[in-house]
**Student:** 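I'd like to ask some things about the structure below.
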Amino acid sequence: MPEGHVTHRLARELELAFADRPVRVASPQGRFAEAAALLDGQVLTGAESWGKNLFIEFGAAIVHVHLGLIGKLRVGPAAPPSALDTLRLRITDGITAAELRGPQTCALLTGEERAAVVAALGPDPLRADADPLRGWARVTRSARPIASLLLDQRVAAGVGNIFRCEALYRQRLHPLTPGLRVTRRRWDRLWGDFVELMPPAVASGRIDTVLPEHTPEAMGRPPRVDRHGGEVYVYRRAGEPCLVCGTEVSAQEFEARRLYWCRRCQRRR
DNA sequence: AGCTCATGGCGAG
DNA sequence: TCGCCCTGAGCTG
């Protein structure tokens with residue numbers, strides 16, 4: 001579920017539903033029970049996201065949520081919760097309810113601790129104050145492959161496997177290109193793709209990366225949308241024809257994640 | 001009913 | 001580099 005667009009979207013949804021109102025807070029599963037009891041009945045003062053981290057604020061007390069690979073936070077009309085054994089956190093005002101399951105992190109933080117989490121992150125393309133040069137500084141002095149660097153949250157906070165594969169495709173960059181061989185111009189364009197693609201993903205809840213001239217319809221093929229809901233060039237399309245050149249999309253395990261690319265459009269150099 | 005995999009990240013070795 | 005954590009959807013049988 002979770003690249004940066006998801007957590008930013010959730011922050012918006014939480015603010016819209018609960019900001020400046022007292023809420024009921026509970027942890028039916030029990031693992032967050034002590035903190036939940038402390039926050040129950042308090043005013044939810046705001047919600048903010050930084051990369052893949054979500055901060056839900058109750059005055060000075062901050063709930064830090066990181067969904068990890070399988071975590072989900074669903075915000076919707078309040079209804080009796082099911083599967084209480086996995087329900088880590090529930091926030092409700094009686095009208096709307098937010099239900100958190102399977103997070104990698106759900107912890108109560110002080111402002112200072114939150115600042116430390118943020119300080120460990122690189123620039124977030126979804127934040128207006130992001131400085132892409134901080135990411136560039138790491139890329140240009142690293143021999144690590146660009147595919148590895150793009151998942152490093154110190155390089156670009158909030159970028160995950162879909163945005164990584166898709167931005168590399170859009171810039172026709174081979175995933176294993178060493179960072180120090182990536183030119184400044186190419187980095188600017190990669191960053192530009194994140195800045196261009198991520199805000200619409202926050203708004204829509206899906207990741208769309210395909211240019212109008214390359215959509216399956218434009219190429220005379222049936223529409224093809226990934227399970228995550230978006231239209232993409234290579235992500236999870238192994239063996240299918242590249243939308244631009246028709247070559248079978250390649251896939252390979254790389255650093256415990258699946259990497260997708262077109263060996264013809266993204267040549268090594 | 002069971003198995004596999006997933007848009008992450010951590011710590012041990 | 002690997003194993004591990006967390007949950008549930010989408011397959012296979």
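Protein chains get the first letters and strands the later ones, always in sequence-line order, with residue 1 at the start of each.
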**Student:** Does any residue of residues 134-165 of chain A have a heavy atom under 4.0 Å from DNA chain B, and if so, which ones, in number order?
**Tutor:** A:Q153, A:G160, A:N161, A:I162

**Student:** Please report the distance, rounded to the nearest Å, between CG in A:L84 and P in C:dG8.
**Tutor:** 12 Å

**Student:** Taking the hydrophobic residues Ile, Leu, Val, Met, Phe, Trp and Tyr, and joining any pair whose side-chain heavy atoms are under 4.5 Å apart, which ones share a cluster with A:L87?
**Tutor:** A:L84

**Student:** Which residues pass the side-chain hydrogen bond (donor to acceptor under 3.5 Å, both in side chains) test with A:E112, sequence neighbours left out?
**Tutor:** none

**Student:** What residues form a side-chain hydrogen bond (donor to acceptor under 3.5 Å, both in side chains) with A:Q171, not counting sequence neighbours?
**Tutor:** A:D193

**Student:** Going by the rule ring-ring contact (aromatic ring centres under 6.0 Å, His included), which residues pair with A:F18 if we only count those two or more places apart in sequence or in a different chain?
**Tutor:** none

**Student:** For residues 126-135 of chain A, which residue pairs pass the side-chain hydrogen bond (donor to acceptor under 3.5 Å, both in side chains) check, not counting sequence neighbours?
**Tutor:** A:E48-A:R127

**Student:** Expressed in angstrom and rounded to an integer, what is the separation of A:H66 atom NE2 from B:dT7 atom C1'?
**Tutor:** 11 Å

**Student:** Measure NZ/A:K52 against P/B:dA6 and give the value in whole Å, please.
**Tutor:** 15 Å

**Student:** Considering only heavy atoms, which members of residues 227-241 of chain A lie under 4.0 Å from some atom of DNA chain B?
**Tutor:** A:H228, A:Y235, A:R236

**Student:** Relative to A:Y169, does A:R172 satisfy both conditions: NZ or CZ under 6.0 angstrom from the six-membered ring centre, and within 45 degrees of the ring's axis?
**Tutor:** yes

**Student:** Between A:R206 and B:dT7, is there a side-chain N or O to OP1/OP2 distance below 4.0 Å?
**Tutor:** no

**Student:** Who pairs with A:R24 by side-chain hydrogen bond (donor to acceptor under 3.5 Å, both in side chains), at least two apart in sequence or on another chain?
**Tutor:** A:D40

**Student:** Could you list all N or O pairs between the protein and nucleotides 1-6 of chain C that sit under 3.5 Å apart?
**Tutor:**
unit_1	atom_1	unit_2	atom_2	d
C:dC6	OP1	A:R31	NH2	3.3

**Student:** Under the ring-ring contact (aromatic ring centres under 6.0 Å, His included) test, which residues partner A:F55, sequence neighbours left out?
**Tutor:** A:H64

**Student:** Return the set of residues passing side-chain contact (heavy atoms from CB on, under 4.5 Å) with A:A107 (not counting sequence neighbours), or none when no residue passes.
**Tutor:** A:T105, A:L109

**Student:** By side-chain hydrogen bond (donor to acceptor under 3.5 Å, both in side chains), which residues pair with A:T86, not counting sequence neighbours?
**Tutor:** A:R101

